[in-house]
Amino acid sequence: MKEALRELVLTAIRALQGDGVLPADLNLPNFVIERARSREHGDFATNAAMLLAKPARAKPRELAEKLLAALPANTLVGKVEIAGPGFINFFLAATAYHAEAGRIFSAGHTYGRNSSGAGHTVGVEFVSANPTGPLHVGHGRAAAIGDCIARLLEATGWNVKREFYYNDAGVQIQNLAISTQARARGIAPGDASWPEDGYRGDYIADVARSYLAGETVIADGHAVTGAKNPDDLEAIRHFAVASLRREQDLDLQAFGVGFDVYFLESSLYTDGKVEETVRELIAHGHTYEEGGALWLRTTDFGDDKDRVMRKSDGTYTYFLPDVAYHRSKWLRGYERAITELGSDHHGSLARVKAGLQALDCGIPKGWPEYVLHQMVTVMRGGQEVKISKRAGSYVTLRDLIDEAGRDATRYFLIARKGDSQLVFDIDLARSQSNDNPVYYIQYAHARVCRVLEELAERGLPAVDTQAGIAQMARLDAEHEQILLTELSRYPEVVEAAANNLEPHLIAQYLRELAGALHSYYHEHKWIVDDAELRNARITLAVATRQVIRNGLDLLGLSAPEKM
């Protein structure tokens with residue numbers, strides 16, 4: 001609807017250019033078509049007249065009148081008014097909403113999608129957890145946000161590559177190895193010889209037992225067999241990393257999340273990508289040596305201070321492999337790159353972008369894009385839950401899935417904007433009540449399915465949606481108008497959620513749409529004696545079911561037919 005109105009306004013603008021009211025070489029301003037806040041002020045409004053008043057050398061209201069006079073004849077708009085300093089308010093014809101309902105049926109599962117991405121490639125990196133333990137609830141939030149962003153971008157025409165970056169090198173991996181070795185030698189947390197920074201969860205004991213038993217684990221298609229030797233630290237490291245990568249993969253599979261690319265940090269060193277990146281930075285003149293260290297002049301690119309790349313002892317600082325990794329994304333053809341991270345990574349983002357700009361290889365300034373999420377607090381019985389027996393010190397993603405189910409866990413972790421803190425109430429997520437938002441939404445879908453079953457049980461004809469669309473003029477009750485309006489918003493919500501990388505907008509919309517459907521059900525009988533009215537009402541309900549199903553799919557949730 002918004003695009004159709006924009007075309008009408010553009011046609012009127014071109015007509016005024018032809019009449020000399022507006023300059024022929026007009027630099028068209030970026031006017032908006034937006035939903036009116038109140039139905040009293042119409043369905044949509046535009047600020048076009050206010051932005052065009054200056055080049056037209058006219059008062060905004062005067063130009064608004066000329067734009068209205070130049071609007072082409074159409075069946076979309078029922079009435080137009082000028083408000084305030086020059087806003088143009090559009091009141092849509094009822095038939096416009098009826099036609100939109102028809103488009104829902106013709107498009108089916110593709111309704112709300114668009115092709116704005118035009119097949120361009122975007123890499124979405126998310127989760128990227130160190131393979132040192134089970135995924136915690138923060139990783140779960142990253143998985144939900146990242147996967148839903150990927151789904152939204154696919155729904156708007158992008159060629160999406162989901163990527164997981166494994167930090168399989170560094171101090172934490174060494175701590176994992178020595179922790180597993182200690183367990184393999186019979187040393188437990190609390191013993192005098194337990195490693196100071198060792199991982200204490202029960203899962204470490206499980207890994208050690210598997211290693212000593214000579215079991216084989218498969219991670220990302222590679223098989224690693226336990227060497228059984230508690231003194232072979234390198235063999236233990238390989239086995240422990242593979243074991244925990246496999247466990248994380250299983251957790252993600254249970255969460256309905258998969259990846260196209262698994263990228264190992266260690267490959268940046270074995271393939272020479274880190275050294276190659278250093279050579280490129282030096283070649284472009286953005287480095288200098290001081291105090292025996294190699295520095296990158298990141299202040300040239302907006303950072304608050306220059307950064308050490310290679311320390312005086314010859315080792316690299318952690319941000320350099322990040323630059324090398326993102327450079328690899330660019331070289332692999334990611335026209336756009338999005339990275340979902342915990343907010344604790346915020347401090348490193350500017351220096352990574354500065355390093356990429358210093359490469360002078362054509363990477364745009366805003367590349368990559370970052371989406372940050374805040375922490376999650378888990379509650380049960382009004383008390384915060386902080387630990388898991390298996391993990392030892394934190395709540396795992398699998399804990400939530402086992403207790404609340406996949407759908408509820410995904411919805412709760414996506415329901416609020418990522419940069420806001422989130423409280424996950426396990427009791428609410430488990431409840432089968434209208435207070436549980438995911439149950440409330442899924443029940444709306446199941447409710448329509450049940451009504452269709454009831455038609456058959458009563459021996460009534462199945463719904464004829466084509467005839468129902470033709471009879472929608474009879475749907476003049478307030479609840480019906482509200483529902484039709486809500487349905488027409490869906491493509492705009494999908495577009496906004498994808499453009500802003502904010503999947504919580506879909507979650508919020510679905511709750512509002514479900515509320516409109518439930519209210520309609522309680523206030524108006526759908527199965528009435530009047531066959532035409534019955535068919536029109538149930539057609540509206542079925543259209544709503546389709547949109548709910550489409551939205552649930554974008555969140556990776558099921559659309560049950562029975563509850």
Side-chain angles (χ1 to χ4, degrees), residues 1-13 16 28-53 59-104 111-112 114 472-473 475-500 502 504-517 519-520 523 540 543-544 547 551:
M1 287 183 171
K2 286 177 67 173
E3 287 306 310
L5 288 173
R6 176 175 288 277
E7 283 303 314
L8 290 178
V9 174
L10 287 172
T11 301
I13 290 172
L16 294 185
L28 188 66
N30 188 25
F31 65 90
V32 298
I33 305 286
E34 58 185 0
R35 293 266 175 180
R37 294 183 180 179
S38 169
R39 292 198 64 136
E40 296 176 357
H41 300 138
D43 296 287
F44 291 89
T46 181
N47 62 347
M50 300 170 70
L51 296 180
L52 291 166
K59 294 180 179 179
R61 287 188 68 93
E62 292 176 359
L63 184 59
E65 291 173 358
K66 292 179 180 179
L67 281 170
L68 293 194
L71 283 175
N74 65 90
T75 58
L76 181 65
V77 181
K79 183 175 69 171
V80 187
E81 292 181 351
I82 300 172
F87 287 104
I88 299 174
N89 293 342
F90 297 97
F91 295 77
L92 299 190
T95 52
Y97 287 106
H98 304 162
E100 191 69 17
R103 277 189 283 275
I104 293 172
Y111 179 73
N114 64 63
M472 278 198 171
L475 303 183
D476 55 2
E478 181 182 8
H479 286 90
E480 293 162 336
Q481 297 303 307
I482 290 173
L483 196 48
L484 282 164
T485 301
E486 282 296 307
L487 290 174
S488 72
R489 288 180 54 226
Y490 180 65
E492 301 161 32
V493 175
V494 173
E495 181 181 30
N499 289 346
N500 299 322
E502 295 181 344
H504 73 282
L505 296 177
I506 301 293
Q508 292 175 354
Y509 168 81
L510 287 176
R511 190 170 186 178
E512 292 168 6
L513 181 61
L517 181 87
S519 295
Y520 181 37
E523 294 297 327
L540 176 57
T544 306
V547 173

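Because the structure is a prediction, the values reported are computed rather than measured.
A donor-acceptor contact shorter than 3.5 Å links the side chain of Asn74 to the backbone of Leu76. The closest donor-acceptor contact from the side chain of Asp43 to the backbone of Leu92 lies under 3.5 Å. When atom types are taken as modelled, the side chain of Gln481 and the backbone of Leu475 share a donor-acceptor pair closer than 3.5 angstrom. Between the side chain of Arg61 and the backbone N or O of Ala49, no donor-acceptor pair lies under 3.5 Å. When atom types are taken as modelled, the side chain of Glu495 and the backbone of Pro491 share no donor-acceptor pair closer than 3.5 angstrom. Between the side chain of Ser519 and the backbone N or O of Ala516 there is no donor-acceptor pair closer than 3.5 Å. No donor-acceptor distance shorter than 3.5 angstrom exists from the side chain of Tyr97 to the backbone of Leu487, with no hydrogens or angles considered.
Counting heavy atoms from C-beta on, the side chains of Val547 and Tyr509 come closer than 4.5 Å. The shortest distance between side-chain heavy atoms of Leu513 and Tyr490 does not fall below 4.5 Å. A heavy-atom distance below 4.5 Å is found between the side chains of Phe31 and Leu10. Side-chain contact between Leu484 and His98 is present, with at least one heavy-atom pair separated by less than 4.5 Å. Val9 places a side-chain heavy atom less than 4.5 Å from the side chain of Ile13. Side-chain atoms of Gln508 and Val493, non-hydrogen and from C-beta on, never get closer than 4.5 Å to each other. Using a 4.5 Å cut-off on side-chain heavy atoms (C-beta onward), Arg35 and Phe44 make contact. At least one side-chain heavy atom of Phe87 sits under 4.5 Å from a side-chain heavy atom of Asn47.
Checked for salt-bridge contact, Glu492 and Arg489 miss the test: no charged N lies under 4.0 Å from a carboxylate O.
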Test log, rule side chain to side chain contact (heavy atoms under 4.5 Å, CB included), inputs Thr544 and Ile104: CA-CA 9 Å; Thr544 306; Ile104 293 172; over 6 Å; no
Evaluate Ile88 against Leu67 for side chain to side chain contact (heavy atoms under 4.5 Å, CB included), listing each step before the verdict. CA-CA 9 Å; Ile88 299 174; Leu67 281 170; 4.0 Å; yes
Checking Ile482 against Tyr520 for the side chain to side chain contact (heavy atoms under 4.5 Å, CB included) test, could you report, in this order, the C-alpha distance in whole Å, the side-chain angles of both residues, the deciding distance, and whether it holds? CA-CA 9 Å; Ile482 290 173; Tyr520 181 37; over 6 Å; no
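The CG atom of Leu68 sits 9.5 Å away from the CG atom of Leu63 when rounded to the nearest 0.5 Å. Note that CE of Met1 is 7.5 Å distant from OG1 of Thr485, once rounded to the nearest 0.5 Å. For the atom pair Phe90 CZ and Lys79 NZ, the distance stands at 13.5 Å (nearest 0.5 Å). Taken to the nearest 0.5 Å, the CD1 atom of Ile33 stands 6.0 Å off from the CZ atom of Arg6. Here the straight-line distance linking atom CG of Leu51 with atom CG of Asn30 works out to 8.5 Å at 0.5 Å rounding. Between the CG atom in Asn114 and the CG atom in Asn499 there is a gap of 8.0 Å [rounded to 0.5 Å].
Gly551 and Leu510 make their closest contact through C-CD1, 3.6 Å (heavy atoms, listed as atom of the first residue, atom of the second, distance). Of all heavy-atom pairs between Ala36 and Gly42, the closest is CB-O, 3.3 Å.
Surrounding CD of Glu478 are at most 12 heavy atoms belonging to other residues, nucleotides or ligands under 6.0 Å away.
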